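Scroll down for the structure; my scribbles are underneath it.
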2 protein chains.
Amino acid sequence: MNLSPGQLDILFQALGDPTRRAILERLARGPASVTELAAPFDMALPSFLGHVRRLEAAGLVATAKDGRVRTVTLVPGAFTPVRGWLDEQRALWEGRLDRLDDYVTRLMKERANGSGSED
Amino acid sequence: MNLSPGQLDILFQALGDPTRRAILERLARGPASVTELAAPFDMALPSFLGHVRRLEAAGLVATAKDGRVRTVTLVPGAFTPVRGWLDEQRALWEGRLDRLDDYVTRLMKERANGSGSED
DNA sequence: TCGATACTTAGCTTCTTATCTAAGTATATC
DNA sequence: GATATACTTAGATAAGAAGCTAAGTATCGA
């Protein structure tokens, strides 16, 4: 299950804004209407709605309109690709350390076998 | 150990670009010079350097100039705040599920104790 | 039906980002 | 010392993001 090329871009970019992260933090405690969500922020509603839309485009939240109220909910698994990339990155790094370790180990064994003639 | 308000912004934003993520992936395998790093990308060097600078500003890489060559290396722990935020977010979410679970459990017990008079 | 509520759309301004080309500086190599 | 290499700086441009106000639409509640 590979993700489309730009998906990670959209996700990381969506997370790169304090307002949007705050929205997600709020939503982790349960769904809320747009107005409810917007209340803590000193921002015009259209501006705020832009953030919600961006989160929605990233697949981090889902919204549904019932009557005149739009309810926003967190999409639980949406962080997975981000975590995935981070984990991969860590694996790469640790793989490198392992190889470095191997290398040093081999080097030391060679020294122990001790021709001792190198400078 | 709390991080400055904008640190997460800068980190997430730095990661929200495919070129920059590719640079990090390459660097996980070991340090490289700017020109070396730039080779796979169809991009003018000044543009490319901009990306390296952004990664450096985010603390994700360190650079050092020796002679005319600037060597770029990964900063290992730099992802920690990102992971941290992601983990927190997950904890919040799971905390919510737990409470939901408690709630449902309590509800079912009440039913079992069965006054059965609520609608 | 009328007013209030909850968005929604449209249009504008400003700032930032991602690019580029052209030209400059500092080292290394011959 | 002349040339080549490896950045580096300095603009210029175009696109995108974040914010605003003003005005519109659709419900809800009395």
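Because only heavy atoms are used, hydrogens play no part in the values below, and waters and symmetry mates are left out as well, while side chains stay in. Here the structure is a predicted model, which is why all the values come from computation and not from measurement. Residue numbers begin at 1 in each chain, while the letters A, B, ... track the order of the sequences.
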Side-chain N or O of [X] less than 4.0 angstrom from OP1 or OP2 on [N]?
X: Arg54(B); N: dT16(C); value: no
X: Arg53(A); N: dC7(C); value: no
X: Thr35(B); N: dC7(D); value: yes
X: Ser47(A); N: dA18(D); value: no
X: Lys65(B); N: dA26(C); value: no
X: Ser33(B); N: dC7(D); value: yes
X: His51(B); N: dT19(C); value: yes

For [Y], is there any backbone N or O sitting under 3.5 Å from a side-chain donor or acceptor partner on [X]?
X: Arg70(A); Y: Val34(A); value: no
X: Arg83(B); Y: Arg83(A); value: no
X: Glu56(B); Y: Arg53(B); value: no
X: Arg21(A); Y: Leu15(A); value: yes

Item checked: the helix from dT1(C)-dA30(D) to dC30(C)-dG1(D): angle between end helix axes, five pairs per end, rounded to 10 degrees -> 20°
Notebook entry, point to check: Any side-chain heavy atom of Leu11(B) sitting closer than 4.5 Å to one from Pro81(B)?
Noted result: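 A side-chain contact exists here, since the closest heavy-atom pair is under 4.5 Å.
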Check: Are Val72(A) and Pro31(A) close enough that some pair of their side-chain heavy atoms sits under 4.5 Å apart?
Finding: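 No, every pair of side-chain atoms sits at 4.5 Å or beyond.
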Note to self: Using a 4.0 Å heavy-atom cut-off, does Gly67(A) contact any base of the nucleic acid, only the sugar-phosphate backbone, or nothing at all?
What the structure shows: sugar-phosphate
Margin query: If we count only N and O atoms by modelled type, under 3.5 Å, do the side chains of Glu88(B) and Trp93(B) hold a donor and an acceptor together?
Written below: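 No.
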Between atom [atom1] in [X] and atom [atom2] in [N], what is the gap in whole Å?
X: Arg70(A); N: dT25(D); atom1: CZ; atom2: P; answer: 17 Å
X: Leu49(A); N: dA17(D); atom1: CG; atom2: P; answer: 16 Å
X: Asp42(B); N: dC20(C); atom1: CG; atom2: C1'; answer: 12 Å
X: Phe48(A); N: dT8(C); atom1: CZ; atom2: C1'; answer: 15 Å
X: Asp17(B); N: dA18(C); atom1: CG; atom2: C1'; answer: 8 Å
X: Ile10(A); N: dG16(D); atom1: CD1; atom2: C1'; answer: 13 Å
X: Glu36(A); N: dA6(C); atom1: CD; atom2: P; answer: 10 Å
X: Ile23(B); N: dA18(C); atom1: CD1; atom2: P; answer: 11 Å

Next item on the list: Before giving the answer on salt bridge (charged side-chain N to carboxylate O under 4.0 Å, His left out), spell out for Arg54(B) and Asp17(B) the whole-Å C-alpha distance, their side-chain angles and the decisive distance to 0.1 Å.
Entry: CA-CA 11 Å; Arg54(B) 222 129 137 45; Asp17(B) 177 280; over 6 Å; no
Next item on the list: Would you mind telling me which residue lines up with the more 5' stretch of DNA chain D, Gln13(A) or Asp66(A), judged by nearest nucleotide?
Entry: Gln13(A)
Item checked: Earlier contact from the 5' end, DNA chain D, for Pro46(A) and Arg68(A) -> Pro46(A)
Notebook entry, point to check: Choosing from dA6(D), dC20(C), dC7(C), which nucleotide comes nearest the side chain of Met43(B)?
Noted result: dC20(C)
